[in-house]
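Every number for a ligand or one of its atoms is a count from 1 in the order of the listing.
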Amino acid sequence: MSVVKKVLGLLGSEISYTLSPLMHNTAAEALGLNYCYNVFDVHSPDDLPAAVEGIRALGIMGVNVTIPYKERVVKYLDSLSAEASEVQAVNTIVNQDGHLIGHNTDIYGFSEPLKAFMSELEKENIAILGSGGAARAAIQALKNEFKPASIFIVARNEAKSKSLKEDFKRRNKSLKLKTLNIADPEAIETMRDCKLIVNATPVGSAKPSARKEDLIPAEKLWTKNHIAYDLVYNPLQTPFLKGAKEAGAKTISGLEMLVYQGAKSFELWTGKQMPIELIRNTLLKALETTL
Ligand code: NAP
């Protein structure tokens, strides 16, 4: 094997906690592929255009994009896949001979772990906490593959959630999408009646600046009928999932989405299938030892 490795990486801010290098480097090594995945911490949004230009200038094969740049990065790319264009959020960039193509594998990553609950979700209400890039991917996935009655965007920034709603409504007139302010008591009432609640905020995550306590006190929110899906994967046991589990609800860890979105990105860069079981076990072990 050549000693010169093809470079992949992750663009984001405050991302020292990420498991993506472990995931992609383990997969590349297991398949004998000549890739190495690094962390590119872009501290200031002002540096994002230069960072993207650096992908081209340095011949980096591809990167993932994470919080807080998934939406902001769109305007610096040469083209977008149909899905990335629809949600206007990118989590994967492929460098094809200097042409930077934006993809969104979060949509696939979000859907895969939820498919086991497909029949339970049909014609049920769903709530999504947050109105950023992950919320966009979740709404797109729910629209594509599940048949919810209504989707509620529950977030703190009303202007942002309304603009998110309008973006989707423009393209999908029949989609029943509503917004609620997270501070509004009606939001809790509505969420108690939802079958699925998704946490698409960094609250509860290991990210140093993230709020650590629940957005909504567990005792006011969860019932045994709920399905709780936390997109946060580090720590494995978030306050959101702990509260849901204690109430008898079903839970899905963000680790599952991490594995599937990563597998899709890996395939886009290398053309190979990621060894899913090996990667899940490797990541679980890593998370369990940091608890
Ligand atoms: P983002 O675009 O920055 O959006 C974050 C959202 O969370 C925004 O709506 C933000 O509100 C809201 N928020 C942040 N702190 C909050 C707080 N204390 N109270 C209420 N709302 C708060 O980030 P993202 O890319 O959507 O990612 C969101 C989370 O999902 C991150 O933890 C990320 O790691 C995780 N994620 C996981 C996977 C996976 O594979 N498991 C994939 C994608 C994302 P404002 O707009 O008001 O700031």
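Between Y229 and F110, the ring center distance clears the sub-6.0 Å criterion.
In this structure, CD1 on I151 lies 11.0 Å from NZ on K178, to the nearest 0.5 angstrom. For the atom pair CG (N199) and OG (S205), the distance works out to 9.0 Å, reported to the nearest 0.5 Å.
Pairs passing the salt bridge (Lys or Arg N to Asp or Glu O under 4.0 Å) check and including a residue from residues 48-69, sequence neighbours excluded, read E53-R56, R56-D78.
Taking the side chain to side chain contact (heavy atoms under 4.5 Å, CB included) definition, one finds that K176 meets it with S150, sequence neighbours left out. A search for ring pair (Phe, Tyr, Trp, His ring centres under 6.0 Å) contacts involving F152 returns nothing, not counting sequence neighbours.
For ligand 1, the 4.0 Å heavy-atom shell contains residues I67, K70, E71, D106, G130, S131, G132, G133, A134, R156, N157, K160, A200, T201, P202, V203, R211, L215, L231, V232, Y233, G254, M257, L258, Q261.
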